[in-house]
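Reading through the structure tokens given below for one structure.
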There are 2 protein chains.
Amino acid sequence: MEHRIDRIKKQLHAQSYKLTPQREATLRVLLEREEDHLSAEDVYLLVKEKAPEIGLATVYRTLELLSELKIVDKINFGDGVSRYDLRKEGAEHFHHHLVCIECGSVEEIIDDLLQDVEKIVQKDWGFQVKDHRLTFHGICKQCQEITVEVT
Amino acid sequence: MEHRIDRIKKQLHAQSYKLTPQREATLRVLLEREEDHLSAEDVYLLVKEKAPEIGLATVYRTLELLSELKIVDKINFGDGVSRYDLRKEGAEHFHHHLVCIECGSVEEIIDDLLQDVEKIVQKDWGFQVKDHRLTFHGICKQCQEITVEVT
DNA sequence: AAATTAGATTATAATTATTATAAATATAAA
DNA sequence: TTTATATTTATAATAATTATAATCTAATTT
């Protein structure tokens, strides 16, 4: 983890931003909860445990900054809040999500499944793809099994 | 257009909802601006031209209802507002979008480009896909040309 | 046709998420 | 150390959305 924070520190410095204690605390929360999809409020509450004096607005600003630097991705699953998701190191693209409409769980897919589709979009629509957002809505493995048992 | 409204009316009745004048006016706006991606506020202002007495909350409720019935899709391009987009008649899935990061334009792709990807998700992750959201972020044809000219 | 009922709307208030502002503080450079 | 700049805090403001209660409408029953 320290390694990763160091590298992000350098990324910030390269653009003459500072890694303040508040920013570092926020980053640590994101790293610890890498699998989750936390809202700004969620992040705020978790950061408060480490650094109780932090303000909500600072968390928002930090997340905004990290989004700009493409360290985190801001996503929206349609529930009214933005969520923030760490990019895998070196990832070109945003990863995909599987959102279960039964239990609300969110799974991540790291593989880039869209290379062929992007080529088509590029070719047929003349659109130069820089990034994508792909979310599938459906029923996760667990919920399918439960449904079967119940039936 | 009348045809389509009639069919939607039947869809509503089938679930014992009424097609009130307000709902109809809202639908007509959505049909007239089918290519656009209107926010609730946008829709409200347009509906007001036809039916000045309508309230914003009614528009919200109507859009919510139409979302539930899968007549419109609620999308979010990350600018803080939800947008509402009519489904093509009979469409199984939500269509895709190309959002230009230069000019902000939004193009629609009706073709379903994800059939292969969905099969993979189904097979490799055991996830039963019901719907999807796919948005590409990049540079549209027009903006690419402008960039070239300017250079 | 009048009365009843359930659904829908209006106007307004409340809530929630997010952003802006000004003063105070911390950090890095000179 | 002084200076300049970036950052944070605390608070207020804004913007989007939802809830509430009173009113209205339309369909149904009597």
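Lettering follows sequence order; numbering is per chain, from 1. Worth knowing before you read on, the calculation uses all heavy atoms, side chains too, and leaves out hydrogens, waters and symmetry mates.
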**Study point:** Between C:dT19 (P) and A:L56 (CG): distance, integer Å
**Key:** 10 Å
**Study point:** Exercise: do B:H97 and B:E107 side chains pair donor with acceptor under 3.5 Å
**Key:** no
Exercise for review: Would you indicate what A:S39 reaches in the nucleic acid, counting non-hydrogen atoms under 4.0 angstrom: base, sugar-phosphate, or nothing?
Suggested key: nothing
Point to revise | Covered region of DNA chain D, 5' end to 3' end, by chain B [heavy atoms, under 4.0 Å] | key: D:dA16 to D:dA19
Study note, to complete from the structure: A:K9 NZ to C:dT27 P, in whole Å, measures 11 Å
Exercise for review: May I ask you to check whether A:H37 and A:Y84 place their ring centers less than 6.0 Å from one another?
Suggested key: no
Exercise for review: Take the protein atom CD of A:E41 and the nucleotide atom C1' of C:dT19, then report the distance between them rounded to whole Å.
Suggested key: 15 Å
Revision key, fill the gap. Taken to the nearest whole Å, OH/B:Y60 to P/C:dT16 is 16 Å
Check your understanding: Atom OH of A:Y44 and atom P of C:dT18: how far apart are they, to the nearest Å?
Key -> 14 Å
Point to revise | Basic-acidic side-chain contact under 4.0 Å: B:D131, B:R87 | key: yes
**Study point:** Residue pair B:H95 / B:D85, side-chain donor-acceptor N/O under 3.5 Å
**Key:** yes
Review point. Would you say the side chains of B:H96 and B:E108 form a donor-acceptor pair under 3.5 Å?
Key: no
Would you list the protein and nucleotides 7-10 of chain C atom pairs, both N or O, that sit under 3.5 Å from each other?
| unit_1 | atom_1 | unit_2 | atom_2 | d |
| --- | --- | --- | --- | --- |
| C:dA8 | OP1 | B:K18 | N | 3.2 |
| C:dA8 | OP1 | B:R23 | NH1 | 3.0 |
| C:dT9 | OP1 | B:T20 | OG1 | 2.5 |
| C:dT9 | O3' | B:Q22 | NE2 | 2.9 |
| C:dT10 | OP1 | B:Q22 | NE2 | 3.2 |
| C:dT10 | OP1 | B:E53 | O | 3.1 |
| C:dT10 | OP2 | B:G55 | N | 3.2 |
| C:dT10 | OP2 | B:T58 | OG1 | 2.7 |

Check your understanding: Between atom CD in B:Q15 and atom C1' in C:dA6, what is the gap in whole Å?
Key -> 17 Å
Review point. Is it true that the NZ or CZ of A:R133 lies under 6.0 Å from the centre of A:F94's six-membered ring and within 45 degrees of the ring axis?
Key: yes
Review point. Would you call B:R28 and B:E24 a salt bridge, taking side-chain N to carboxylate O under 4.0 Å as the test?
Key: yes
Check your understanding: Hey, are A:R4 and A:E34 close enough for a salt bridge, meaning a charged N less than 4.0 Å from a carboxylate O?
Key -> yes
